Amino acid sequence: MSPPLPPQSRLLLDALQIRAHVKAQASQIDHLYQASDLVLVGVLKGAVHYISDLLRSLTLDPQMEWVRVETYSAGTTNAGQSRLVFVGDVKLEGRDVLVVDDILDRGHTYRLLSRELMARNPASLRWAFLLEKEGARHRAGFDPDFAGLLVPEVWVVGYGMDLSEKYRNLEGIYAL
Ligand code: IMP
Ligand code: MG
């Protein structure tokens, strides 16, 4: 039995299409980072399947670390602001850092992480995305180093991405 699909959703990308994209990115990454001290920094929680598949598609054996973005909810004095939380003691100084994130949309995560990661003095900082929403490069004001698959500007779920913490377990990616 398969897990339930969101109501009135349509399949955008199936497991084979996702797999092909991740494998193509992995060979680019393998090529670029030969003989470097690579650290993949995954952004929780949406990138969980993506980073796992990416890591297993590489011939390199990079370190894997995690960050999560916490947004203060309404009612606190900092409502609407967000901060970055590292999972564990992550040393990035002088190392080649590749951020692995699910979707580029408005560039909010990109701006926050860039600032905080650059402050840790990595040797290099690059970005890989699974997906890019239409117009995202314009909204974010940046072009990812490892491009995501283009999806329309609608909410998507599956393959790690959620709607209110549901549907992360779907193999494919669905538009609501
Ligand atoms: P940005 O940081 O403003 O570019 O927004 C991207 C972040 O918001 C992603 O890393 C996701 O965590 C989340 N997000 C944006 N759009 C979607 C979506 O359609 N489905 C699930 N999460 C999304
Ligand atoms: Mg995210």
Side-chain angles (χ1 to χ4, degrees), residues 2-15 17-19 21-22 25 29 39-55 62 64-74 78-88 90 92 97-120 122 125-176:
S2 321
L5 296 177
Q8 282 155 26
S9 58
R10 77 189 161 91
L11 181 68
L12 282 183
L13 297 161
D14 65 24
Q17 292 170 300
I18 297 167
R19 178 55 52 102
H21 174 66
V22 172
Q25 278 188 334
I29 292 166
V39 187
L40 302 184
V41 175
V43 183
L44 287 171
K45 305 172 193 172
V48 61
H49 301 317
Y50 174 37
I51 198 172
S52 167
D53 283 344
L54 190 64
L55 189 66
M64 179 174 63
E65 297 293 348
W66 295 98
V67 294
R68 68 190 154 86
V69 178
E70 265 183 9
T71 305
Y72 302 99
S73 51
N78 292 322
Q81 288 191 29
S82 44
R83 69 180 184 121
L84 195 65
V85 180
F86 286 86
V87 179
V90 184
L92 301 178
V97 175
L98 176 61
V99 181
V100 179
D101 199 6
D102 53 2
I103 309 178
L104 180 65
D105 184 5
R106 292 162 306 157
H108 177 70
T109 313
Y110 163 71
R111 283 186 293 275
L112 179 68
L113 262 78
S114 291
R115 199 169 59 228
E116 302 238 2
L117 294 173
M118 283 314 285
R120 291 175 174 234
L125 179 61
R126 291 189 179 88
W127 290 75
F129 287 92
L130 175 67
L131 305 179
E132 292 180 37
K133 285 200 185 168
E134 221 146 329
R137 290 183 179 209
H138 178 70
R139 286 190 293 279
F142 117 106
D143 290 356
D145 307 276
F146 302 97
L149 292 165
L150 197 63
V151 295
E153 222 190 320
V154 295
W155 198 260
V156 302
V157 298
Y159 193 69
M161 290 163 288
D162 74 312
L163 174 68
S164 304
E165 300 301 328
K166 303 295 289 178
Y167 310 119
R168 292 193 199 276
N169 60 350
L170 298 173
E171 297 275 0
I173 295 171
Y174 294 79
L176 299 188

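These figures come from a predicted structure and were not determined experimentally. Every number for a ligand or one of its atoms is a count from 1 in the order of the listing.
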Undergrad: Tell me, please: is Gly107 in heavy-atom contact with ligand 1, that is, under 4.0 Å?
TA: yes

Undergrad: Run the numbers for me: atoms of ligand 1, each under 4.0 Å from some heavy atom of Asp101, listed by number.
TA: 10 (O)

Undergrad: Please state which protein non-hydrogen atom is closest to atom 21 (C) of ligand 1 and give its distance, to 0.1 Å?
TA: Trp155 CZ2, 3.2 Å

Undergrad: Can you check atom 9 (C) of ligand 1: any protein non-hydrogen atom closer than 4.0 Å?
TA: yes

Undergrad: What I want to know is whether Tyr110 and ligand 1 share at least one N or O pair that is separated by under 3.5 angstrom.
TA: no

Undergrad: Start with the C-alpha gap between Arg126 and Ile29, add the side-chain angles, then the distance that decides, and say whether side-chain contact (heavy atoms from CB on, under 4.5 Å) holds.
TA: CA-CA 10 Å; Arg126 291 189 179 88; Ile29 292 166; over 6 Å; no

Undergrad: Using a 4.0 Å cutoff against the non-hydrogen atoms of Val154, which atoms of ligand 1 qualify?
TA: 19 (O)

Undergrad: Is there a nitrogen or oxygen of Val156 sitting under 3.5 Å from a nitrogen or oxygen of ligand 1?
TA: yes

Undergrad: Which atoms of ligand 1 are found less than 4.0 Å from any heavy atom of Asp105?
TA: 4 (O), 5 (O), 6 (C), 15 (C), 16 (N)

Undergrad: Can you tell me how far apart CZ (Arg139) and CD (Glu153) are? Round to the nearest 0.5 Å.
TA: 4.0 Å

Undergrad: At a 4.0 Å threshold, what atoms of ligand 1 neighbour a non-hydrogen atom of His108?
TA: 1 (P), 2 (O), 3 (O), 4 (O)

Undergrad: In terms of side-chain heavy atoms, does Tyr159 have a donor or acceptor partner in Asp53 at a distance below 3.5 Å?
TA: yes

Undergrad: Can you tell me which residue among Asp101, Val85, Leu113 is in a side-chain contact (heavy atoms from CB on, under 4.5 Å) with Val67?
TA: Leu113

Undergrad: Quick one: do Lys45 and Asp162 satisfy side-chain contact (heavy atoms from CB on, under 4.5 Å)? Show the steps, please.
TA: CA-CA 9 Å; Lys45 305 172 193 172; Asp162 74 312; over 6 Å; no

Undergrad: Would you mind finding which of Ile103, Thr109, Asp102 brings a heavy atom closest to atom 17 (C) of ligand 1?
TA: Ile103

Undergrad: Look only at interatomic distance and state if Leu104 has a nitrogen or oxygen under 3.5 Å from any nitrogen or oxygen of ligand 1.
TA: no

Undergrad: Any chance you could lay out the side-chain hydrogen bond (donor to acceptor under 3.5 Å, both in side chains) test for Gln25 and Tyr50, step after step, and finish with the verdict?
TA: CA-CA 11 Å; Gln25 278 188 334; Tyr50 174 37; 2.6 Å; yes

Undergrad: Applying side-chain contact (heavy atoms from CB on, under 4.5 Å) between Val151 and each of Asp105, Ile103, Leu130, Leu131, report the one that passes.
TA: Leu131

Undergrad: With heavy atoms of Asp162 as the reference, note each atom of ligand 1 found under 4.0 Å away.
TA: 21 (C)

Undergrad: In the protein, which heavy atom is nearest to atom 16 (N) of ligand 1, and how far is it?
TA: Lys133 NZ, 3.0 Å

Undergrad: Measure from NZ or CZ of Arg120 to the centre of the six-membered ring of Phe86, then state whether that distance is under 6.0 Å and the direction lies within 45° of the axis.
TA: yes

Undergrad: For the residue pair Leu117 and Pro122, what are the closest heavy atoms and their distance?
TA: O-CD, 3.2 Å

